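Down below is the structure, laid out as structure tokens.
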Number of protein chains: 2
Amino acid sequence: MSQHRHPGAPGRAGAVPALPDLPEATVARLPEYLRALHNLAEVGHETVSSEGLAGAAGVNSAKLRKDLSQLGSYGTRGVGYDVALLIEQIEYVLGLTQRRAVALVGVGNLGHALAGYDGFASRGFRIAALLDADRSRVGEVINGLVVRHVDELPRVAAEESIAIGVIATPAAAAQAVADQLVTVGVTSILNFAPCVLSVPEGVDVRKVDLAIELQILSFHEHRKASLTALPATGGSGLTALPGGLAATDTQEAIGT
Amino acid sequence: MSQHRHPGAPGRAGAVPALPDLPEATVARLPEYLRALHNLAEVGHETVSSEGLAGAAGVNSAKLRKDLSQLGSYGTRGVGYDVALLIEQIEYVLGLTQRRAVALVGVGNLGHALAGYDGFASRGFRIAALLDADRSRVGEVINGLVVRHVDELPRVAAEESIAIGVIATPAAAAQAVADQLVTVGVTSILNFAPCVLSVPEGVDVRKVDLAIELQILSFHEHRKASLTALPATGGSGLTALPGGLAATDTQEAIGT
DNA sequence: CGCGATTTGTGCACGTCTTCACAAGCGCCT
DNA sequence: AGGCGCTTGTGAAGACGTGCACAAATCGCG
């Protein structure tokens, strides 16, 4: 689909392939833009304005324009962005032109669900191996993949280059698993275990903790409750407002 | 445990119960501190220094002190923080003194795993209801809870006050579910579906998207690869450094 | 009772992120 | 060709978050 020229160095071909060192906040939003763009492409949109894409991605249009300008992307003034081209650009920047191999360690409750998650395959990743420390689980087949023992990690890593390790073990086991992953050369880890991982410099760790998300929401619930609990004690004037005017943050009121 | 005086307004009893309006970045870290504190308490620590707690939580000690000072917490200079007291304080601020009821919508792959997740119960939450739109799933028992049809949401909400709604449905269904949750009075939503939710003002939405996390990691992999690909083209002098000196961010090298 | 060791709480400077507002550029219509 | 409306890209200002470095406070010991 619209195979313009090969996605590579933006602009001149053969130039430095190094990435333009994006702000982290921008990087965190690019996947959201990408998802929105895929949706737009499916519906048949050829181009999209910053306003339109921003709406679909749930952000401010100015922020979106600044983000896209960061990666040197070419929109057309008066028209908007070419959807297909922008998808290519973002996928290139995110390193999704190659399908990255993921090793998933821990096939318990959560790991099982992750192993069956469609989003892996459909968003540029491939589960290369399922691993677990529990030998009674080894041999089990999940979603067409056989669970292997975690000690086989070096062999797995030798078979195919693992780009990302996903840890879905209990907290007690997580650090040991992380160490093993680092040992076999993995430099990116997604940690679902509720604990802090200690890794050498150069290794990236991202963490997803369900309980933390719930507790943050709980805080806001608590705050909202404590606000509406004040009836009208002669507040300075900014009381009432049943909906609560405080833009708490997170992602309130996306607008239409 | 350690039922000091009732956790309530910090300091004087009966004072304003309103929360001190914390910075969002601080709120996001409090759960991490809380978890670290529980670990310390189990090991038998009575007090902990900012340095010690910061290490356990994977943050800078200055940041931790500033965070704790925000909530008016009382550490003791020369000694540190009282672990039990600090746990009480943070749990109060986060609104965890009451066990909040969670409604989980969507018991597919992921929802199933979430329903069986221990972290819910052990971190201050209680799954009050499992709901799904698929009638063939209704009646199924997961972890001692019966799956009910999503249309029963109003009845469920009437039975007990739902504090938080968790959406674990496919993206296509998520917005409709969110609307239903909002209708029955839920003002906090945790969304696992890969889509942007539009909600009225006053409703908080947090999002967890596995694919986004992976794509962010993919970017860093891509960047690291493009850096090491430059051998030694007479760089300005800060090349080499096999580990890569760039503190990419996220959470690198926690130290010991 | 005083002193030193230790640790908290915070003022300040710096960097990052966000948002506004507008100039520059592009296409279309006349 | 020229002008007009629309949209991008960006400079500048402000809000926010971070980390250093140090003063203030507390404990323990002589």
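Residue numbering restarts at 1 for every chain, and letters A, B, ... go by the order of the sequence lines. All values derive from a computational prediction rather than experimental measurement.
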Original post:
Is there a donor-acceptor contact under 3.5 Å linking the side chains of B:Q70 and B:T26?
Top reply: no
Subject >> B:T187 and A:E221: side chain donor to acceptor below 3.5 Å >> reply: yes
Original post:
Does A:K66 get its side chain close enough to the base of C:dT18, under 3.5 Å, for a donor-acceptor pair?
Top reply: no
Does a side-chain heavy-atom distance below 4.5 Å link [X] with [Y]?
{"X": "B:R206", "Y": "B:I189", "answer": "no"}
{"X": "A:F192", "Y": "A:K207", "answer": "no"}
{"X": "B:L30", "Y": "A:Q215", "answer": "no"}
{"X": "B:L94", "Y": "B:P31", "answer": "yes"}
{"X": "A:L217", "Y": "B:V205", "answer": "no"}

Rounding to an integer number of Å, can you tell me how far [X] [atom1] sits from [N] [atom2]?
{"X": "A:Q70", "N": "C:dT18", "atom1": "CD", "atom2": "C1'", "answer": "12 Å"}
{"X": "B:L71", "N": "C:dT10", "atom1": "CG", "atom2": "P", "answer": "12 Å"}
{"X": "A:N60", "N": "C:dA21", "atom1": "CG", "atom2": "P", "answer": "12 Å"}
{"X": "A:R65", "N": "C:dC22", "atom1": "CZ", "atom2": "C1'", "answer": "11 Å"}
{"X": "B:Q89", "N": "C:dT8", "atom1": "CD", "atom2": "P", "answer": "15 Å"}
{"X": "A:D21", "N": "C:dC17", "atom1": "CG", "atom2": "C1'", "answer": "15 Å"}
{"X": "B:L68", "N": "C:dG9", "atom1": "CG", "atom2": "C1'", "answer": "11 Å"}

Subject >> Residue whose closest nucleotide on DNA chain C lies nearer the 5' end, A:A62 versus A:A25 >> reply: A:A25
**OP:** Could you say whether A:D67 or B:Y81 is positioned toward the 5' end of DNA chain C, judged by the nucleotide with the nearest heavy atom to each?
**Re:** B:Y81
**OP:** Mark up nucleotides 25-30 of chain C, 5' to 3', with B wherever a protein heavy atom is under 4.0 angstrom from a base atom, S wherever such an atom reaches only the sugar-phosphate, and - elsewhere.
**Re:** BBS---
Original post:
What residue pairs, at least two apart or across chains, pass salt bridge (charged side-chain N to carboxylate O under 4.0 Å, His left out) with a residue in residues 57-77 of chain A?
Top reply: A:R29-A:D67
**OP:** Would you please name every residue forming a salt bridge (charged side-chain N to carboxylate O under 4.0 Å, His left out) with A:R123, sequence neighbours left out?
**Re:** B:D209
Subject >> Within 6.0 Å of CD in A:Q175, more than 12 heavy atoms from elsewhere >> reply: yes
**OP:** Heavy atoms of chain B, cut-off under 4.0 Å: which first and last nucleotide of DNA chain D, 5' to 3', fall inside that, if you could look?
**Re:** D:dG17 to D:dC27
Original post:
Could you give the angle between the helix axes at the two ends of the helix from C:dC1-D:dG30 to C:dT30-D:dA1, with five pairs per end, rounded to 10 degrees?
Top reply: 10°
**OP:** Could you note down all residue pairs passing side-chain hydrogen bond (donor to acceptor under 3.5 Å, both in side chains) where residues 37-47 of chain A supplies at least one of them, sequence neighbours left out?
**Re:** A:H38-A:E91
